[in-house]
Amino acid sequence: MNLMHLGFLAAGAAAMTLPLWIHLLLRQKAKSMEIGSIRFVKQVVRRTKNRQRIQRWILLALRALAVLLLGLLFARPFFPDTPADGRTREVVILIDRSASMSARQENGAAAIRTAIQRAKTHLGTLGAETRVHLGLFDAAGVQPLSLTELDAATTSSMATRYDEAFDWAGDLLAASTRADRSLMVLSDLQQLGTSPANLSTFPADVSVRIEDPAPAIAQNLAIVSAVATQVELRPGVPVAVEIQMVNHGAFPLIGAPLRMELSGPRSPIVIERSVSLAAGQRNTLRLELPIETAGLYRGSVSVDFDDPLAWDNQRAVALEVRHPDRLLLIDGDAGSKAWENETYFIETALRLRTPVGDGPARTFEVERLVWDRGSGFPDLAGFRLIVIANVSRFTEQDAGRLSAFVQGGGNVLWFPGDRSTDAVHERLKAAGLLGETTLGRVTDTVASVQEFAVDHPALRPFADPQHGDLRRLTASRVLPIQSADPDAEVLIRSRRWPLVISHPAGDGRFVFVATSADRSWSEWPQNRLFVPLIRQLAAWLTGQLDLRQSVQTKNIDHPGQVPGIQVDGNAVMVRNVDPAESQINRFAVEAFRETLGLPEHAVVTAESDRRQQYTPEGVARADEKWPWVVWMLIGVLSSELILASRVHE
């Protein structure tokens, strides 16, 4: 038996002496008087006196017991369902180790240290025979740990996620054969961590104790991202980085110092600004960098502001500054006007500047060569792509130089036309640029796009008809293609023939289009899909669709990773904490239970558990036995009343 208030029992035990003192103080003393012959009366009086003495001692014992029971009643005895040694108990303790649990308390300690201390306090109440499972959890899942490893636990740099943690705990407790199973969750109850979770299948007979050890956060300034939006060296266009910040808080921020530091091929670059944000405001700051030399630049951007979440006041940033991809357009028909030349529509499409997702704009440095006015190919070094359209003069020397360019890693996009002859095509084939593909004679027809390689990197955006349906492209004249080359890849085809076919050659690639680049053979240049199609093909052939850039930026996805920049050969990886961890919105326990679908009767909050154990006013434990004490007290008082009336007869 356990007592909630041992002092009341001690007071009751001390008060047991009161009936004794009352009996002693009120004891009657009779005077002896000699009267006639009372031999028979003395015998009767002696028997009555002995009986009353016994009754008085019983009465004294009942009164003392009544006082003791009254003290026991106020002491509130209870018999826990689980033995004190915990032999019927199995417990899982989950501790949130996500980045947000590094929030500092007023004393400077991180929230995870408070969580560990509460876990140890809870462990101290379980009993030596309790089966305990400890786990640290974040978005990567659960890391089991032993009792000896608990003090060394630290936060990771990952986001919060609850579903895998509850699944891990639910599986352990569902497999348990012990009668008393419970789960303790120590987390800051961050709202974004519950998005994929639904715990409606969590064992309903497992009690869940939820505690939030994190401090209340009223203000947090966070750097959400730092992205290079212009990394190409172009005259009059500075290299730029956009920094996105958000004020998670109820108070405005005025004049916080922001500093970017970068190291690169030359002297370090330092830029300083001041930042002001209204409460709850998100803002993007564009920093133009004084960079004139290509190369790798890396460093960090930070803001000097004191808040509980210090880690999101700094973000690693790296960028590879380079010259734009050089493209050579070889025009076989200059035309009498600018818009009549063979490569007019292609050049117009390639000179546009369009963004690539959230990254820098995709641009090309385009040079145009009128083929009939020159003496052959210029120096091809430095070009990543050559677009050739409707050339008529194409010697064996030209074919050899073009083949060497492709074998060395260059790429060619070829368009036929009215000037292209069979001799030109034969030299292409002899140079090994067409593989086993054969070209027929120009045919007038209606060749609409029937199908295309939807999984190809260049054509993947067109898989969604909302982005444009390539089957709307139609050509009125084509150069029929028949390919038996196993290495050839048909990108676009009509009902009868391939319209765009790709051949690998050495380290490069030769792409042949079966229709012209202008409007003489097809309606492609008039279609709104022509510009994105040409730009996608050019980006694919120049490697802009690949992760050829040495700098990659990712959120941390493993507990062992830390924010910063790692260099591995030519690859540079920038890792930062998921910006979602900067959110300061927290769940109340009841809202947390409803969001995750936990059974209502299974949840025990830290506050209700403390009231039950330490503040009993107005709250009764389920295992209290005071009703038994009340009935015992009523029985003792009833017996005392009956006996007292008989003793005083």
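Computed from a predicted model, the values in this text were never measured in an experiment. As a basis for the values below, the full set of heavy atoms in this structure was taken, side chains included, without hydrogen atoms, waters or symmetry mates.
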Can you tell me how the ring of F394 sits relative to the ring of W371, calling it parallel under 30°, perpendicular over 60° and tilted otherwise? tilted
Can you say whether the rings of H425 and F512 are parallel (under 30°), tilted (30 to 60°) or perpendicular (over 60°)? perpendicular
When you check the side-chain N and O atoms of [X] and [Y], is any donor under 3.5 Å from an acceptor?
X    : Y    : answer
S502 : R509 : yes
Q450 : R471 : no
S448 : T474 : yes
N220 : D312 : yes

Could you tell me which residues satisfy side chain to side chain contact (heavy atoms under 4.5 Å, CB included) with [X], sequence neighbours excluded, listed by chain and number?
X    : answer
T160 : D96, S98, S100, Y162, Q190, E581
Q407 : S403, A505
S276 : I254
N247 : Q219, L253, L277

Once salt bridge (Lys or Arg N to Asp or Glu O under 4.0 Å) is applied, what residue pairs with a partner in residues 486-506 remain, sequence neighbours excluded? none
Applied to residues 392-415, the salt bridge (Lys or Arg N to Asp or Glu O under 4.0 Å) test, sequence neighbours excluded, yields none
Can you tell if the side chain of [X] reaches within under 4.5 Å of the side chain of [Y], non-hydrogen atoms only?
X    : Y    : value
I388 : V412 : yes
S520 : D333 : no
L258 : I243 : yes
V270 : M260 : no
E342 : S516 : yes
V574 : V317 : no
V303 : I223 : yes

List for me each residue that meets salt bridge (Lys or Arg N to Asp or Glu O under 4.0 Å) alongside [X], sequence neighbours excluded, and say none if there are none.
X    : result
D304 : none
E523 : none
R286 : E288
D331 : R368

Mark yes when over 12 heavy atoms from residues, nucleotides or ligands other than E367 sit less than 6.0 Å from its CD; otherwise mark no. yes
List the atom pairs, donor and acceptor, that lie under 3.5 Å between side-chain atoms in residues 475-483 and the rest of the protein, sequence neighbours left out.
{"residue": "S476", "atom": "OG", "partner": "W521", "partner atom": "O", "Å": "2.9"}
{"residue": "R477", "atom": "NE", "partner": "D444", "partner atom": "OD1", "Å": "2.6"}
{"residue": "R477", "atom": "NH1", "partner": "D418", "partner atom": "OD1", "Å": "3.3"}
{"residue": "R477", "atom": "NH2", "partner": "D444", "partner atom": "OD1", "Å": "3.2"}
{"residue": "S483", "atom": "OG", "partner": "T437", "partner atom": "OG1", "Å": "2.9"}
{"residue": "S483", "atom": "OG", "partner": "D485", "partner atom": "N", "Å": "3.3"}

When rounded to the nearest 0.5 angstrom, what is the spacing between CG in L287 and CZ in R273? 5.5 Å
Check residues 290-302 and write down every donor-acceptor pair under 3.5 Å in which the side-chain atom is one partner and the other belongs to a residue at least two apart or another chain.
{"residue": "T293", "atom": "OG1", "partner": "R266", "partner atom": "NE", "Å": "3.3"}
{"residue": "Y297", "atom": "OH", "partner": "T293", "partner atom": "O", "Å": "2.7"}

